[in-house]
Amino acid sequence: MDEKVDSFLKVHEVFYPSAETMEKAWIRDYDKAYAESIKDIPGFWERAAHELEWFSTWSQVLKWNYPWAEWFVGATCNITHNCLDRHLKTWRKNKVALIWVGEDDSERIFSYAELYRKVCRCANALKALGIRKGDRVAIYLPKIPEQTVAMLACARIGAIHTVVYSGFSAPALASRIEDSQPRAIITADVGYDRGKVVPLKPVVDEAVAHSPCIEKVVVVRRQKPGITLSSPKEIDWDDWLKEQKALCAPEVMNAEDPLYFLYTSGTTGKPKAVQHVHGGYMVGTYLTTKLVFDLKDEDVYFCVADPGWVTGHSYIVYGPLLNGATILMVEGKPDYPTPGRWWDLIERYGVTIFYTTPTAIRLLMKYGEEWPVKYDLSSLRILGSVGEPINPEAWLWFHRATGGKLPIMDTWWQTETGAILITPLPCTKLKPGSAARPFLGIEADVVDREGKPLPPNTGGFAVIKTPWPSMMRTIYKDPDRYKVYWNTIPGCYTAGDVCRKDEDGYFFFMGRADDVIKVAGNRIGTAEVESALVSHPAVAEAAVIGKPHKTAGEAIKAFIILKQGFKETPEFIDQIKDHVKHELGKIAVPHEVEIVPSLPKTRSGKIMRRVLKAKELGQNPGDISTLED
Ligand code: PRX
């Protein structure tokens with residue numbers, strides 16, 4: 001995309017936090033706190049790190065060998081010590097850590113002490129399989145407490161978890177397994193989706209058949225009677241944990257030791273394993289959860305994400321547990337069994353902080369304000385949004401539907417950044433559609449391709465100018481791909497987002513600058529979908545673009561060229577969609593597929609998606625001098 005993108009979005013309304021919100025907030029004066037934090041960035045993060053417990057301290061806060069960062073150099077810690085053990089020494093021991101509500105409304109509640117015991121049992125069970133520090137463990141689970149337990153148990157023994165979203169298909173799971181070479185996989189028999197049973201075990205069976213590295217498959221059996229476990233590799237989760245002791249000392253980790261890999265899509269067909277570490281990630285997720293959501297001990301915190309994605313890692317599991325929060329975790333969709341589902345849960349559990357997504361807000365908006373008004377939402381005090389730009393209309397609806405007084409934290413960040421980087425705080429002025437300004441200790445800007453700052457209201461690239469503790473450390477097995485983030489624009493980390501800043505320094509994100517499509521906030525690479533399409537025997541070539549979609553933000557449109565001898569039949573498009581579903585999973589299935597005789601290409605043969613998109617949207621395609629035909 002061209003660096004100069006003019007934006008015509010005008011904000012008419014601004015909102016100020018209420019006196020009550022201000023009075024209670026951890027941070028009451030953003031400008032002052034920000035100026036102070038930026039004067040000495042390592043010093044700022046060091047003060048935050050001192051709020052947590054370390055087994056031994058650091059010799060240096062930041063070692064910056066561009067583009068490689070080490071934070072809390074030489075320190076030792078274990079993130080689970082701060083998520084669990086630290087609270088067990090206080091009254092929080094019997095505080096509710098996790099309330100889980102299943103799609104069928106079943107409820108499971110864990111205190112901090114109970115969660116600790118479960119995690120220790122699971123950690124010991126992993127050890128009993130011979131899994132050690134540095135080994136990888138794949139987690140392919142629906143949103144159930146075992147997912148959280150498994151992640152923490154891996155971290156406890158220093159194994160690296162790699163969670164794969166349970167909507168991904170067998171080939172997508174297998175390719176992630178092949179890349180990270182886990183020794184075990186933890187899965188479940190089924191998930192549930194709008195009342196339908198979604199079998200997961202067959203997906204794992206298919207993936208494991210191609211994955212010789214997998215020595216054991218642990219299965220959480222949710223259905224009664226339990227499915228039969230047929231291979232000697234397979235173990236039932238309950239049997240696995242039953243004999244284990246509820247005490248397991250945390251492995252002493254170097255602050256820079258890897259905590260997890262999480263795969264995300266980029267511009268190539270191969271997903272990248274973003275690597276996060278114990279120390280810096282812990283400090284970043286701890287502080288952002290505390291300050292952005294103004295988290296206090298009395299809060300009931302509800303984040304709708306799935307730990308299959310980064311938001312669930314940072315803001316369901318690690319950030320809230322590091323703060324000793326009470327977390328509400330809910331399986332299922334916002335409109336099942338009724339569009340009042342989430343509003344009902346907010347009333348039922350007295351939720352005070354509600355972190356959701358623009359796609360979910362737009363979906364609920366379609367059902368109208370008559371749903372939220374049926375429920376008592378007076379417990380709510382802070383709202384959040386993440387994953388894609390929130391359009392002012394959806395922002396204003398969310399604000400109105402929850403009573404018209406609550407501040408919305410439109411949080412901008414990425415899998416790679418580990419934690420929120422650009423965001424309002426509960427004390428800042430809010431502009432619908434804007435993620436406001438950089439978080440404390442973060443230097444961000446909007447620049448052109450050369451890295452030159454742009455004047456207000458000029459579209460350019462969002463960049464981060466200095467390292468931060470929760471930044472990814474590398475792409476597993478592909479350091480060159482990591483370097484691209486810091487080499488594309490001189491001297492800066494490039495996020496891949498197009499953005500403008502207004503005269504107040506407020507960031508307005510306008511979408512991706514690269515070939516990444518955001519469908520319902522999920523990141524999908526055009527190249528991945530294209531390679532799934534061309535793996536169908538009838539497809540010769542394919543090109544994929546993102547098109548604006550009223551609810552999902554963007555939808556995928558695919559253009560395909562058929563191989564000679566293949567004819568379009570009435571069922572053909574459905575077959576193609578099924579094929580993509582099998583290759584990648586439901587989330588990557590194109591909304592529209594159009595058969596075309598040719599695709600716009602450069603003289604060197606690169607498909608010009610930009611031209612396809614402009615044509616599809618009836619826009620000017622810009623410079624087409626490199627177009628072959
Ligand atoms: O394009 C931005 C968009 O989501 C991308 C990161 O996607 P992912 O790594 O999947 O992480 C999603 C959850 C953090 C960004 O490059 N994005 C995320 N939050 C926002 C956003 N775009 C606009 N406004 C946001 N608040």
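Indexing begins at 1, ligand by ligand and atom by atom, following the structure's order.
- A salt bridge links K557 with E592: the closest approach of a Lys/Arg side-chain nitrogen to an acidic carboxylate oxygen falls below 4.0 angstrom.
- The distance criterion of under 3.5 Å between nitrogen or oxygen atoms is not met by T264 with respect to ligand 1.
- At a 4.0 Å heavy-atom cut-off, ligand 1 touches F509 through the side chain alone.
- When heavy-atom distances to ligand 1 are checked against a 4.0 Å cut-off, T411 comes that close only through its backbone atoms N, CA, C and O.
- If you number the atoms of ligand 1 from 1 as listed, the ones under 4.0 Å from a heavy atom of V386 come out as 13 (C), 14 (C).
- If you check which protein heavy atom lies closest to atom 2 (C) of ligand 1, you get D497 OD2, 2.8 Å.
- Protein heavy atom in closest approach to atom 23 (C) of ligand 1: P389 N, 3.2 Å.
- Residues E554 and K613 are paired through a salt bridge, judged by an N-O separation under 4.0 Å between the basic side chain and the carboxylate.
- Ion pairing between a basic and an acidic side chain is recognised when a charged N comes within 4.0 Å of a carboxylate O; R523 and E416 show such pairing.
- Side chains of D335 and W342: a donor-acceptor N/O pair is absent below 3.5 angstrom, by distance only.
- Salt-bridge formation is not detected for the pair D504/R437: no Lys NZ or Arg NE/NH1/NH2 atom is positioned less than 4.0 Å from an Asp or Glu carboxylate oxygen.
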Subject >> side-chain hydrogen bond (donor to acceptor under 3.5 Å, both in side chains) evaluation trace for Y315 with T288 >> reply: CA-CA 9 Å; Y315 297 106; T288 48; 2.6 Å; yes
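- Look at D179 and K270 and you find a salt bridge, because one of the NZ, NE, NH1 or NH2 atoms lies within 4.0 Å of a carboxylate O, short of that distance.
- The option from I524, T415, D410 that lies nearest to atom 9 (O) of ligand 1, judged by heavy atoms, is T415.
- Looking only at heavy atoms of the protein, atom 24 (N) of ligand 1 is closest to E388 O, 3.4 Å.
- For ligand 1, the polar-atom distance check against S385 finds no nitrogen or oxygen pair separated by under 3.5 Å.
- At least one heavy atom of G387 lies less than 4.0 angstrom from ligand 1.
- For ligand 1, the atoms lying closer than 4.0 Å to a non-hydrogen atom of R523 are 6 (C), 7 (O), 8 (P), 9 (O), 10 (O).
- In this structure, atom 10 (O) of ligand 1 lies nearest to the protein heavy atom K518 NZ, 3.3 Å.
- A salt bridge does not link E616 to R609: none of the charged nitrogens lies less than 4.0 Å from a carboxylate oxygen.
- Salt bridge status for K452 with D445: absent, with no side-chain N to carboxylate O gap under 4.0 Å.
- Looking at atom 13 (C) of ligand 1, its nearest protein heavy atom turns out to be T311 OG1, 3.4 Å.
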